[in-house]
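Notes for the one structure printed next.
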Amino acid sequence: MKKLHFLEVEGNTKGFYTFLGLFGLISLIGILSAYYMEHHGHWVTGMSNQVVWGTPHVFAIFLIVAASGALNVASISSVFAKTAYKPLARLSGMLAMALLAGGLVVLLLDLGRPDRLIVAMTKFNFTSIFTWNIILYSGFMGIVGIYLWTMMDRPYNSLTKKAGMVAFIWRLILTTGTGSIFGFLISREAYDSALLAPMFIIMSFSFGLAFFMLVLMGSFKYTQRELGDYTVNRLKNLLGVFVAAVLYFVVIYHLTNLYSADHRGISAFVLAGGGIYTFLFWVVQIVLGSLLPLFLLYGPTGKNRTMIGLASALIILGGLAQLYIIIVGGQAYPMQMFPGMEVSSSFYDGMVASYAPSLPEILLGLGGFGVTLLLVTMAVAALKFLPASLADAVADPHGK
Amino acid sequence: MTINFENKKQQNSEASVESSRRNFIVGSAAVAGIAIAPSVVLYQTAHADSLQNVSAKEGASSKVRWGMLVDTTKDVDWNKCVEACNKEQGLGNEEESRDDQRTQYIRVVDVKNKGTGYSMSLPVMCQHCEQPPCVDVCPTGASMKRPDGIVLVDRHRCIGCRYCMMACPYKARSFVHEVLHDQKEVTPRGKGCVESCNMCVGRIDKGQEPACVEASSGAIVFGDLNDPDSAISKLLKEHGGKQIRADLKLNPAIHYQGI
Ligand code: SF4
């Protein structure tokens with residue numbers, strides 16, 4: 001096995017500035033969109049008093065969930081001592097922080113009063129799961145930061161395993177916390193399920209690794225570093241397992257809902273009569289976002305890098321659809337104030353709420369991805385996050 | 001103008017909790033390497049001012065618990081209550097918002113039993129729960145319950161995260177989607193904040209009944225649920241009443257007859 005070493009990405013190149021400019025622009029457009037919505041008020045968006053969390057929340061929660069999942073690769077290497085993943089641990093930790101930052105920016109900019117951030121950071125209500133999430137997110141940044149430091153600063157290498165363990169436990173709590181944001185909403189049928197928190201954890205594995213794959217393959221390709229089949233095959237097999245596990249949870253979630261009389265409505269809505277939500281479920285989440293990627297990863301194209309990249313992108317698309325169904329669909333489905341009765345009012349009681357994302361909402365959401373990728377681009381140029389080569393001779397511990 | 005009705009004693013204990021929270025925050029900010037300390041200090045100074053203003057006000061008493069009993073069997077036009085509320089609180093002045101974005105503190109809900117065909121209408125507003133989910137989930141404590149049981153939003157503290165709207169089982173809250181002009185002094189409202197029925201606190205504090213009660217031609221009885229001799233307690237004891245979604249065990253202060 002050849003010796004592994006890490007190298008910054010050369011910053012003073014045309015390619016580097018192109019990426020910097022591209023991701024910077026996406027971020028800027030996102031921020032300007034937020035300013036536009038903030039300046040006028042939320043009436044310029046598709047959101048309403050019925051659907052209060054819209055597309056920005058879908059993106060924000062996707063990024064936050066993916067953040068904790070992106071840390072998996074590092075956890076497998078330090079906590080479960082799998083040497084094959086060790087060369088990827090730095091990138092994994094850094095990407096986790098960048099994803100979280102991107103998600104939080106979107107979440108913050110969609111507040112009614114983002115200028116009052118300081119209130120959110122000084123006036124804590126400890127019965128609120130939101131408050132706990134603020135603490136979990138800040139802690140995640142700090143802990144993963146320290147974890148990265150122990151990896152990258154040789155005298156502290158011996159602490160990596162311990163730091164990795166803390167980070168691993170913290171990330172499990174963090175995703176449970178994110179899932180619990182919904183779990184606490186007792187009055188809404190879609191969220192009243194004990195399966196939601198574990199489902200969020202497994203979703204985070206899948207989304208985070210899909211994003212990791214794209215960043216890994218993309219960065220190696222554009223910096224002309226070698227990435228061997230040994231590493232890629234392991235990761236894509238793992239990704240397939242995660243996708244299948246999410247699928248399993250989705251099936252169980254709907255089956256348990258269908259078996260209980262007071263939750264049948266929401267699942268019937270998503271599975272059959274929900275218009276756009278039903279379409280998103282079957283076509284985007286299940287076929288494009290789960291089955292097709294599984295085929296691409298395990299079928300005859302399983303060795304083709306372009307197809308693995310496509311599969312990863314589709315998993316991200318499917319994940320966004322899944323969160324859209326959970327977040328927006330869960331609100332659009334009428335709340336049962338008088339179970340079993342037909343209700344109507346001037347406040348849209350008893351009706352499926354209509355919601356169509358407005359352009360600025362989508363641009364703000366994409367801006368979150370922009371921020372994440374901008375941070376990643378700057379980080380790989382500033383510090384030694386990427387291995388100089390992951391050719392099989394370097395990566396495979398059993399190789400010659 | 002600030003809405004804050006807690007009494008002085010509570011403020012003192014709150015202040016000490018606050019200060020330890022601030023210490024904690026400054027500490028963790030340092031650890032995380034975020035340089036927010038200067039703005040924390042600025043904010044503290046600003047907030048200290050608003051607390052002083054409030055302490056001049058008299059507080060609400062925890063001995064009473066305000067509630068309502070709505071008799072849906074009476075033949076009244078509930079829309080009169082909606083109109084009275086809008087007038088009292090200065091609602092309905094949105095210029096840009098779509099219909100589904102406009103604020104409603106109280107609405108008339110029509111309920112029909114598909115099996116029997118029986119139908120009825122009832123006014124629904126914030127139910128002023130004893131265990132309000134909106135207060136539990138609010139990250140900043142802007143959504144709060146006064147000692148006398150009235151649930152409301154401190155719109156100077158609300159960051160507009162809308163988590164309380166997600167949590168409310170009665171869809172009682174609205175988000176202000178645009179800049180508002182011509183507001184009533186009793187009910188300050190602001191773009192980007194959440195609001196809901198506050199039981200006309202201003203009127204209650206002056207010894208008057210809420211506007212919807214006054215407009216209901218006697219179909220809504222308002223009073224102190226803690227006082228066994230109040231008209232509302234006697235009526236509830238004699239004829240009973242039902243709460244909407246009583247199964248959630250939030251113990252709302254709004255009771256209904258005939259639902
Ligand atoms: S919208 Fe305002 S009142 Fe509601 S939970 Fe958020 S901060 Fe609290």
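Remember, it's a predicted structure, so these values are computed and weren't measured experimentally. Per chain, numbering begins at 1; letters A, B, ... match sequence-line order.
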Best-contacting candidate, A/Val343, A/Ile186, A/Val51, against chain B by heavy atom pairs under 4.5 angstrom: A/Val343
Heavy-atom contact with chain A under 4.5 Å, split by part of B/Val135: backbone
Most contacts with chain A, counted as non-hydrogen pairs under 4.5 angstrom, among B/Arg162, B/Lys112, B/Arg173: B/Arg162
B/Val153 backbone acceptor or donor facing B/Ser143 side chain under 3.5 Å: no
For chain A, the option from B/Asp99, B/Val179, B/Leu248 that forms the most heavy-atom pairs under 4.5 Å: B/Asp99
Whether A/Trp43 and A/His40 hold their rings parallel, tilted or perpendicular, with breakpoints at 30° and 60°: perpendicular
Residue part contacting chain B, namely of A/Asn133, when any heavy atom lies under 4.5 Å: neither
Structural part of B/Leu180 lying under 4.5 Å from a heavy atom of chain A: neither
B/Gln104 and A/Tyr348 side chains, donor-acceptor separation under 3.5 Å: no
Non-hydrogen side-chain atoms of A/Trp132 and A/Phe126 separated by less than 4.5 Å: yes
Residue selection (most heavy-atom pairs with chain A, distance under 4.5 Å) from B/Pro133, B/Cys138, B/Gly141, B/Ser119: B/Cys138
Option that, when pairs with chain A are counted at under 4.5 Å, heavy atom only, ranks first among B/Cys158, B/Gly190, B/Gly115, B/Cys193: B/Cys158
Main-chain N/O of A/Val44 paired to A/Tyr36 side chain as donor or acceptor, under 3.5 Å: no
Largest heavy-atom contact set with chain A, pairs under 4.5 Å, which of B/Cys161, B/Pro139, B/Cys168, B/Ser121: B/Pro139
Structural part of B/Val111 lying under 4.5 Å from a heavy atom of chain A: both
Residues A/Ser187, B/Tyr170; criterion side-chain hydrogen bond (donor to acceptor under 3.5 Å, both in side chains); working and verdict: CA-CA 8 Å; A/Ser187 56; B/Tyr170 305 104; over 6 Å; no
Proximal component of A/Met47, with respect to chain B [non-hydrogen, under 4.5 Å]: both
Largest heavy-atom contact set with chain B, pairs under 4.5 Å, which of A/Asn49, A/Leu111, A/Leu107, A/Ile181: A/Asn49
4.5 Å side-chain heavy-atom contact, A/Phe338 and A/Asp349: no
Side-chain (B/Gln101) to main-chain (B/His177) donor-acceptor, under 3.5 angstrom: no
A/Phe182 and A/Phe200 aromatic ring geometry - parallel, tilted or perpendicular at 30°/60° bounds: parallel
Any donor-acceptor pair under 3.5 Å from B/Glu96 side chain to B/Glu94 backbone: no
Under 4.5 Å from any heavy atom of chain A - which part of B/Ile244: side chain
Interface moiety of A/Met335 toward chain B, non-hydrogen atoms closer than 4.5 Å: side chain
Winner by heavy-atom pair count (cut-off under 4.5 Å) against chain A, out of B/Glu178, B/Arg245, B/Met165, B/Lys171: B/Lys171
Option that, when pairs with chain B are counted at under 4.5 Å, heavy atom only, ranks first among A/Gln50, A/Arg116, A/Gln336: A/Arg116
